[in-house]
2 protein chains.
Amino acid sequence: MSTAHFKHDLFNEFARVAKAMSNGYRLELLEFLAQGERSVDALAQASGLTLANTSQHLQQLKQAGLVGNRKEGHKVYYRLSGMDVSSLLGSIRDVAERYLADVDRLVDDYLKVKDSLEPIPASELLERAREGLVTVLDVRPVEEYVSGHLPGAINIPLQELEMHLDELDPDREVVAYCRGPHCVLAFDAVFKLRERGMTARRLEGGLPEWKLEGLPVES
Amino acid sequence: MSTAHFKHDLFNEFARVAKAMSNGYRLELLEFLAQGERSVDALAQASGLTLANTSQHLQQLKQAGLVGNRKEGHKVYYRLSGMDVSSLLGSIRDVAERYLADVDRLVDDYLKVKDSLEPIPASELLERAREGLVTVLDVRPVEEYVSGHLPGAINIPLQELEMHLDELDPDREVVAYCRGPHCVLAFDAVFKLRERGMTARRLEGGLPEWKLEGLPVES
DNA sequence: CAATTATTCTAGAAATCTATTGAATAATAG
DNA sequence: CTATTATTCAATAGATTTCTAGAATAATTG
């Protein structure tokens, strides 16, 4: 095999990985999977895709080596091949955020209050949690909480937040988190809590970013 | 705008970045650009694509925010938007190398001697260069060397290596480098030098990786 | 064993991507 | 001003992707 040929083949292989990630729905699926293992059915529901379509997208991700699966009973559970896939997703996010004006515009438009919601870094949360000063609030759906969450975090899915406000100590600051840096759940939660007069901030990044920093996870 | 809509749009923006990188030729162009600024013409020659085709690929990269360009005289020079694009390319490479069996197979097939060519890490090269123990050899084409190279490196493009062997001190170890971790130029150079009885190793990664570690570049 | 559930497979239409070709534009040189 | 050089634009054919819908498979339940 010639050098040019080798190089060409190699770059085509790299392109396969990028191609697998070149579709918005597949990136959403990867973000869901970054929260933990999920069945095809659950992923279809979460993404709003049809079952057959979800299955096909997952198979593309699998062929590119980004996810793996296992069969248990008559369900198939998919999972990320490794946390470096999550990290790759983060790199794409960062590059997009830095160089695509549309991303900035979108984030600004939707999260107008962005500046007033200055996020708290993982390191700071760790410290304040150690001192017992904060309530760590996971606002993702129950299934995602169950398959892994921040140590000591309590789970109140966003939709149920208003009904369970009494579970939160009104005198402690709340730090909310969800799936990732652009996940709106934590934004909305902080907004609602502040409306109720509580002190609330959101964590910078979500569970996947927390894991990538090598911080402990409870489940 | 609804939450679901926002999320969907956002992930589609991220997908644009991945889509721009989902083609082998475009990844090759990005690797060339990671060596330094280049004209469309030069990139067409290096990649083997036609001029029009090269121009179109570059425009796709530009629309995804990955590259920028400037006009000087009647030439247009393209450049990476930032080193984080180079870093993203590296992440894709890593994921592909780790999870795609085909990549391993390709690298093993072509670079059979891989194991005997254990690369020297940047940190070690720095140390040994400081002690004056090694000749740092850049085997990329002259243009790439000119637009930036390792401090103190001498340039002998691979094709001319045999003719210029006398420029190398036979008693000093040679460390060769080129464009990146899978660039064959340095592999071939090390092979040739060893055939001539010289002590030679290749640097782990190429110039872009060196820059990403924040190490100094000369030009 | 029949019915049910979860997933995958197959086929096809519409949309998108890629490479090629030749024409158009823009800057410079003569 | 004309010719030349470097790049982009526009049109097109062929290949690939994406989504849908219904059939097929595989494991479990009754």
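Proteins come first, then strands; the chains are lettered A, B, ... in the order of their sequence lines, and each starts at number 1. Since the model is a prediction, treat every value here as computed from it, not as a measurement. Quick note: numbers below take in every heavy atom, side chains included, and nothing from hydrogens, waters or symmetry partners.
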Got a list of side-chain donor-acceptor pairs under 3.5 Å for residues 44-52 of chain B, not counting sequence neighbours?
from, atom 1, to, atom 2, distance (Å)
B:S47, OG, B:L43, O, 2.9
B:S47, OG, B:A44, O, 3.3
B:S47, OG, B:L49, N, 3.3
B:T50, OG1, B:N53, N, 3.2

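- Rounded to whole angstrom, the span from the CG atom of A:L61 across to the C1' atom of C:dT7 amounts to 16 Å.
- With rounding to whole Å, B:Y77 atom OH is found 16 Å from D:dT5 atom P.
- An OP1 or OP2 oxygen of D:dA6 is reached within less than 4.0 angstrom by no side-chain nitrogen or oxygen of B:Y78.
- Among residue pairs with one or both ends in residues 81-90 of chain A, those qualifying as salt bridge (charged side-chain N to carboxylate O under 4.0 Å, His left out) are A:D84-B:R98; sequence neighbours excluded.
- With sequence neighbours excluded, no residue forms a side-chain hydrogen bond (donor to acceptor under 3.5 Å, both in side chains) with B:R38.
- Of the N and O atoms on the side chains of A:D138 and A:Y145, not one donor lies less than 3.5 Å from an acceptor on the other residue.
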If you restrict it to nitrogen or oxygen atoms, what contacts under 3.5 Å exist between nucleotides 20-27 of chain D and the protein, and what is each distance?
from, atom 1, to, atom 2, distance (Å)
D:dA27, O3', A:G73, O, 3.3

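- Partners of B:F11 by ring pair (Phe, Tyr, Trp, His ring centres under 6.0 Å), not counting sequence neighbours, listed by chain and number: B:F14.
- Relative to the side chain of A:Q59, the nucleotides C:dA6, C:dT8, D:dT8 differ in distance, and C:dT8 lies closest.
- When the ring pair (Phe, Tyr, Trp, His ring centres under 6.0 Å) test is applied to B:Y25, the partners found at least two apart in sequence or on another chain are A:H8.
- The pair A:R93-B:E13 fails the salt-bridge criterion, with no side-chain N (NZ, NE, NH1 or NH2) lying under 4.0 Å from an Asp/Glu carboxylate O.
- Under the side-chain hydrogen bond (donor to acceptor under 3.5 Å, both in side chains) criterion, B:T135 pairs with B:R172, not counting sequence neighbours.
- Contact annotation: A:Q60 reaches the phosphate of D:dT18 (side-chain N/O to OP1 or OP2, under 4.0 Å).
- The phosphate of D:dT8 has OP1 or OP2 within less than 4.0 Å of a side-chain N or O from B:S55.
- Residues from residues 18-46 of chain A lying near DNA chain C, meaning a heavy-atom separation below 4.0 Å, are A:S39, A:V40, A:D41 in numerical order.
- Here D:dT18 presents its P atom at 7 Å from NE2 of A:H57, a figure rounded to the nearest Å.
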Return all side-chain donor-acceptor pairs below 3.5 angstrom for residues 211-219 of chain A, not counting sequence neighbours, or 'none' if the list is empty.
from, atom 1, to, atom 2, distance (Å)
A:E218, OE1, A:H149, NE2, 3.3
A:E218, OE1, A:G152, N, 3.4
A:E218, OE2, A:G152, N, 3.2

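- Across the protein-nucleic acid pair, B:L51 atom CG and D:dT4 atom P stand 18 Å apart, rounded to whole Å.
- Across the protein-nucleic acid pair, B:R16 atom CZ and C:dT16 atom C1' stand 15 Å apart, rounded to whole Å.
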